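Below you'll find the structure, written out as structure tokens, and then a few comments.
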Amino acid sequence: MAYWLLKSEAETWSWDQQKASGNKGAEWTGVRNYQARNNMRAMKNGDLGFFYLSGDDKCVVGVVKVVAEAHPDSTDGTGVWECVDVAAVSGVPKPVTLAEIKSTKALKSMVLVNNSRLSVQPVSAEEWSIISRMAGLKEKSRS
DNA sequence: GCCAACGTTGGC
DNA sequence: GCCAACGTTGGC
């Protein structure tokens, strides 16, 4: 069981759209970066991820679950890029902002802090539990 | 709107 | 295979 962080812009793919896709989820398309693609290839069904908004929002707003492992990205014609399907698990009672993450010592080494441009990132179990707590998620929704 | 960080491209 | 030029992302 691994943890991830998936970045989106609200204008492109919002949390509302993610929720509306229901339990079947939706393809996480549009990733055009090898490191991000490789992270998606490493995802297993049932892995959890934070849904993070970049741009104006810059915060974790929800939790998603991998429901289909890496397969070709239907929006890509080159055959190079892949995506996974993710489904919304729950929104967070209290969004966790990038500023909060940056000011939390234990999260200093997060990829989000050190390589903010990577759009699909691994999250350690410790980071997952800290942010879950900050977000006001119940124990059940954590690991 | 600016700029730093990073990735990709293309010339050599 | 190196590196300069360029484009994109994302935080401020």
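Treat the numbers as computed from the prediction; the structure is a model and nothing was measured.
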Expressed as a whole number of angstroms, how long is the span from Ile101(A):CD1 to dC12(C):P? 11 Å

Give Leu98(A) one of three labels, base, sugar-phosphate or nothing, depending on what nucleic acid heavy atoms sit under 4.0 Å from its own. sugar-phosphate

Treat each ILVMFWY residue as a node, draw an edge where side-chain heavy atoms are under 4.5 Å apart, and state whether Val120(A) and Val123(A) are in one component. no

Between Thr97(A) and Glu100(A), does any side-chain donor sit less than 3.5 Å from a side-chain acceptor? yes

Length of the line joining Leu112(A):CG and dC6(B):P, which is rounded to integer Å: 14 Å

For Tyr52(A) and dG11(C), is the shortest distance between a side-chain N/O and OP1 or OP2 below 4.0 Å? yes

Length of the CG-P vector between Asn33(A) and dT8(B), whole Å: 6 Å

Carboxylate-amine/guanidinium proximity below 4.0 Å for Asp16(A) and Lys19(A): yes

Closest to side chain of Ser119(A), choosing from dC6(B), dG11(C), dG10(C): dG10(C)

Euclidean distance, atom CZ of residue Arg37(A) to atom P of dG7(B) [Å, nearest integer]: 14 Å

Tell me if the centroids of the rings in Trp28(A) and Phe51(A) come within less than 6.0 Å of each other. yes

In whole angstroms, how far is the P atom of dT9(C) from the CD atom of Gln121(A)? 15 Å

Check this one for me: any side-chain N or O of Lys58(A) less than 4.0 Å away from OP1 or OP2 of dG10(C)? no

Nucleotide nearest Gln35(A) (side chain, heavy atoms from C-beta), chosen from dC6(B), dG7(B), dG11(C): dG7(B)

Atom CG of Leu6(A) and atom P of dG10(C): how far apart are they, to the nearest Å? 13 Å

Contact check, side chains of Arg37(A) and Trp81(A), non-hydrogen atoms, under 4.5 Å: yes

What is the separation between atom CD on Glu100(A) and atom P on dG11(C), rounded to the nearest whole Å? 15 Å

Where the side chain of Arg117(A) is defined as all heavy atoms beyond and including C-beta, which of dG10(C), dT8(B), dA5(B) is the nearest nucleotide? dA5(B)

Nearest-Å distance for atom pair NZ/C1', residues Lys7(A) and dA5(B): 12 Å

